[in-house]
Amino acid sequence: MTRYIIRRLIALIPTLLGVVFVIFMFQRLIPGDPAVAMLGEHAAQENVERIREQLGLNRPAFLDLDALREGDFAGFVDSQFIRYLDRLLHADLGKSIHRRIPVAETLALRFPATIELAMLSMFIAVLVGVPAGIASAARRNSVLDSVSMAGSLIGVSMPIFWLGLMMIMLFSVTLQWLPSGGRASPGIEIETITNFYIIDSILAGNMEALVDALKHLFMPVVALATIPMAIITRMTRSSMLDVLQEDYIRTAHAKGALERVVLFKHALKNAFLPVITIIGIQIGTLLAGAVLTETIFSWPGIGRWIYDAILARDYPIVQGGTMLIAFVFIFTNLLVDISYVFLDPRIQHE
Amino acid sequence: MRLHGLKILCILWLGAMVLMALIAPIITSADPYIPIGNPLQAPQDHPPLGTDALGRDFFARVAYGARLSLSIPLLATLITVFIGTSVSLTAVVVGGSSDRLILALTNAALAIPGLLLAMLLVAGFGPGIPTVVIAVGLGGIPGFVRLSRSIFLGIKEMGYINAAYALGASRQRIALSHLLPNAAPQLFSLATTHFAWAFMGTTTLTFLGLSGDPSVPEWGAMLNSGRMHLIQAPWLTIIPGILISMTILTIHYLGENYADK
């Protein structure tokens, strides 16, 4: 088990390096000099030179072959990419161009809001999607199946920004049941321990804050959960249908096992592997969707911050935020890989 | 084939959208850029769809909007399909370390959600419709490379490809005369599903206000300006949203039934 995890961790290194490389290359694709972008068009030439020096922009992008010819190995590896990696290893994502604040710190501060939203959405998506998929497969071509398949088709087709706006129109404007944005109402004090408002308000025993936090979470969570829910429903259904055709299921039926037992004990365990995989992949959709959801519902997470930075062309923030999301995605998929071993012991020995 | 009627409805819907884009100047005499009356008139006061916040005929904007709304994702899809297919075809035919390198880079790029990749590009190049086309086009490449590569790999295992190699056909000939034509139907199906993704992606970016000039009629951008008037003029948000959702839904439905066949 430990060996399997170590192997997976080692296999992660090239992927992480690849992500850094891709994001680094994107930065280089951008027209214009980053130093000029930071200082503005009318900056003095010497200041631009100083910033270029500070950022290492006067170094070659990857490897300095001239330095190698002169036998200067330190100069050979001293490149923009290596310096960038070095800064990353020290959790330094640079500073915001406009506000001069360190990107990494602000990301860390805003991240719990995004994780709270994303985790709750995934929880709801699995809670609804998996049973709906199982029921659809068990009663194939029934009314229930048609309804859940039509529902999931609508789910994947409806843009979440539109769904979000329609919910605001219904629940906030017309019915006035729910707040249209933010994480907490003015006047609600939550002592921040974990920065997850649900957990914090439970820890503090503050029922009023908990209800308020849940009210604020409701619409963003529904908007964000729709697409993963629809995809999980479809995947569970098709995976269950595959498994239900297997001989051992017929055997289980033949020996008189209850349908409930066949479905949940015999079929689901084997059908769950592809479902877990798709759940892992959906984490990516969810995190990218957070940018949209947070923008519509003024949610103070990293998605909203990335969006504001895109409009302001504050590239270090966009880059840092994208990197964080990609790393979270990679690590959740590592957890998914590890969970395979518990679901299917054969995998470890392959 | 039980749902044959639904399939026809989907085709009719898409046909109607394309037709609306093509004959926009015939079905409406109003100019989508020029105000013609009071702002925010309800559909019953200014048929058929009222006016927007600047007093422009909303139906004209919806009709002309179909042009950009459909052609932006189409162009983006063409970029994705062209570059994606070239990369995966090269990887499969050349094989060896080039294939491994391409696969490794693809997997790394896939760790960044396509939409975020597109946003990263827009952040760099600045808002504008050409940027949105390029961003969504490039953002879709990693996923497309991975899926088209597996299509090509499947075909490469076929006996006739081995036979072509045995006859001494060059790599280029194998790629262009054997692999590509035989993969075409599957690639087309893949491109169709990808178009739905690109449509969602481009309207998302334009909804986020990344298409630059807000006066240009495009459904996502129209939704974005409509949401400022959610209470007084809900139709400005409801109508473009229904058009976007229905178009994506019909493409998904047709793509799925094409694949099931």
Side-chain angles (χ1 to χ4, degrees), chain A residues 14-23 26-27 29-32 141 146 153-154 156-163 165-166 168-169 172-174 180 227 281 283-289 291-292 295-296 306-307 309-315 317-319 321-323 325-327 329-330 333, chain B residues 2-3 6 101 104-127 134 138-139 142 196-197 199-201 203-205 207-210 219-220 223-224 226-227 230-231 234 237-238 240-253 256:
Chain A
T15 318
L16 291 175
L17 271 177
V19 168
V20 176
F21 177 77
V22 169
I23 292 180
F26 266 57
Q27 182 183 28
L29 272 177
I30 292 163
N141 292 334
S146 305
L153 186 65
I154 294 170
V156 284
S157 306
M158 201 155 33
I160 54 179
F161 49 88
W162 191 60
L163 179 64
L165 291 176
M166 291 300 107
I168 290 179
M169 197 138 67
S172 306
V173 178
T174 313
S180 67
I227 291 179
I281 294 171
I283 301 276
T285 317
L286 214 57
L287 290 168
V291 177
L292 265 173
T295 307
I296 299 165
I306 293 175
Y307 172 66
I310 292 175
L311 291 186
R313 297 191 69 181
D314 200 334
Y315 203 72
I317 298 178
V318 185
Q319 207 176 19
T322 310
M323 188 97 69
I325 288 178
F327 277 26
F329 179 63
I330 291 171
N333 279 287
Chain B
R2 189 168 54 98
L3 297 168
L6 269 177
L101 181 71
L105 275 179
T106 310
N107 282 339
L110 275 173
I112 310 169
L115 190 63
L116 262 185
L117 214 55
M119 286 182 189
L120 202 64
L121 279 167
V122 178
F125 290 99
I134 295 171
L138 295 183
W197 181 85
F199 194 90
M200 183 81 97
T203 46
T204 301
L205 293 184
F207 169 77
L208 287 171
L210 302 177
W219 295 342
L223 242 174
N224 186 33
R227 74 177 167 139
L230 208 54
I231 302 168
T237 329
I238 294 176
I242 288 177
L243 292 174
I244 295 171
S245 308
M246 281 300 293
T247 308
I248 297 176
L249 193 135
T250 47
I251 300 167
H252 271 313
Y253 187 79
E256 213 167 79

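In what follows, every chain begins at residue 1, and chains take the letters A, B, ... in the order their sequences are listed.
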- Message: Using heavy-atom distances under 4.5 Å, tell me whether A/Val173 contacts chain B through its side chain, its backbone, both, or neither.
- Response: side chain

- Query: Non-hydrogen atoms of chain B under 4.5 Å away: do they reach the side chain of A/Val20, the backbone, both or neither?
  - Reply: neither

- Using non-hydrogen atoms only, which part of B/Leu138 is less than 4.5 Å away from chain A: side chain, backbone, both, or neither? neither

- Note on the structure: Counting heavy-atom pairs under 4.5 angstrom with chain A, the leader among B/Ile231, B/Leu105, B/Leu208, B/Ile244 is B/Leu208

- Query: Once you round to the nearest 0.5 Å, how far does CD1 of A/Ile168 lie from CG of B/Leu230?
  - Reply: 7.0 Å

- Which bit of A/Phe327 is near chain B, if near means a heavy-atom gap under 4.5 Å: side chain, backbone, both or neither? neither

- Query: A/Met158 versus chain B, heavy atoms under 4.5 Å apart: side chain, backbone, both or neither?
  - Reply: both

- Item | Which atoms of A/Ile296 approach chain B - backbone, side chain, both or neither, heavy atom under 4.5 Å | both

- Checking heavy atoms, do the side chain of A/Val19, its backbone, both or neither come under 4.5 Å from chain B? both

- Task: Would you mind telling me which of B/Ala109, B/Ala111, B/Gly226 has the largest number of heavy-atom pairs within less than 4.5 Å of chain A?
- Result: B/Ala111

- Query: Of the non-hydrogen atoms in B/His252 and A/Leu153, which two are nearest, and what is the gap between them?
  - Reply: CB-CD1, 3.8 Å

- Please flag which part of B/Leu117 lies under 4.5 Å from any non-hydrogen atom of chain A: side chain, backbone, both or neither. both

- Query: About how many Å separate CE of A/Met323 and CG of B/Leu116, when rounded to the nearest 0.5 Å?
  - Reply: 12.5 Å

- Query: Taking it one step at a time, do A/Trp162 and B/Ile242 satisfy side-chain contact (heavy atoms from CB on, under 4.5 Å)?
  - Reply: CA-CA 9 Å; A/Trp162 191 60; B/Ile242 288 177; 3.7 Å; yes

- Not counting sequence neighbours, which residues clear side-chain hydrogen bond (donor to acceptor under 3.5 Å, both in side chains) with A/Asn333? List them please. none

- Message: Using 0.5 Å steps for rounding, measure from the CD1 atom of A/Ile154 to the CD1 atom of B/Ile248.
- Response: 13.0 Å

- Give, for atom CE of B/Met246 and atom OG of A/Ser157, the distance between the pair rounded to the nearest 0.5 Å. 9.0 Å

- Message: Under 4.5 Å from any heavy atom of chain A, what part of B/Thr203 do you find: side chain, backbone, both or neither?
- Response: both

- For A/Ile317, is it the side chain, the backbone, both, or neither that has a heavy atom closer than 4.5 Å to a heavy atom of chain B? neither

- Query: With only heavy atoms counted, which part of A/Pro159 is less than 4.5 Å from chain B, the side chain, the backbone, both or neither?
  - Reply: both

- What is the distance from atom CZ of B/Phe207 to atom CG of A/Leu165, rounded to the nearest 0.5 Å? 4.5 Å

- Hey, which of A/Ala312, A/Ala288, A/Ala309, A/Pro14 has the most heavy atom pairs under 4.5 Å with chain B? A/Ala288

- Starting at OG1 of B/Thr237, measure out to CZ of A/Phe161 and round the result to the nearest 0.5 Å. 11.5 Å

- With a 4.5 angstrom heavy-atom cut-off, could you sort out which part of A/Leu17 is near chain B: side chain, backbone, both or neither? neither

- Task: Please determine, among B/Gly220, B/Ala104, B/Gly114, B/Ala108, the option with the most heavy-atom pairs under 4.5 Å with chain A.
- Result: B/Ala108

- Measure distances from A/Ile330 to the heavy atoms of chain B and classify the residue's part below 4.5 Å as side chain, backbone, both or neither. side chain

- Item | side-chain contact (heavy atoms from CB on, under 4.5 Å) between B/Met119 and A/Val318, worked out | CA-CA 8 Å; B/Met119 286 182 189; A/Val318 185; 5.7 Å; no

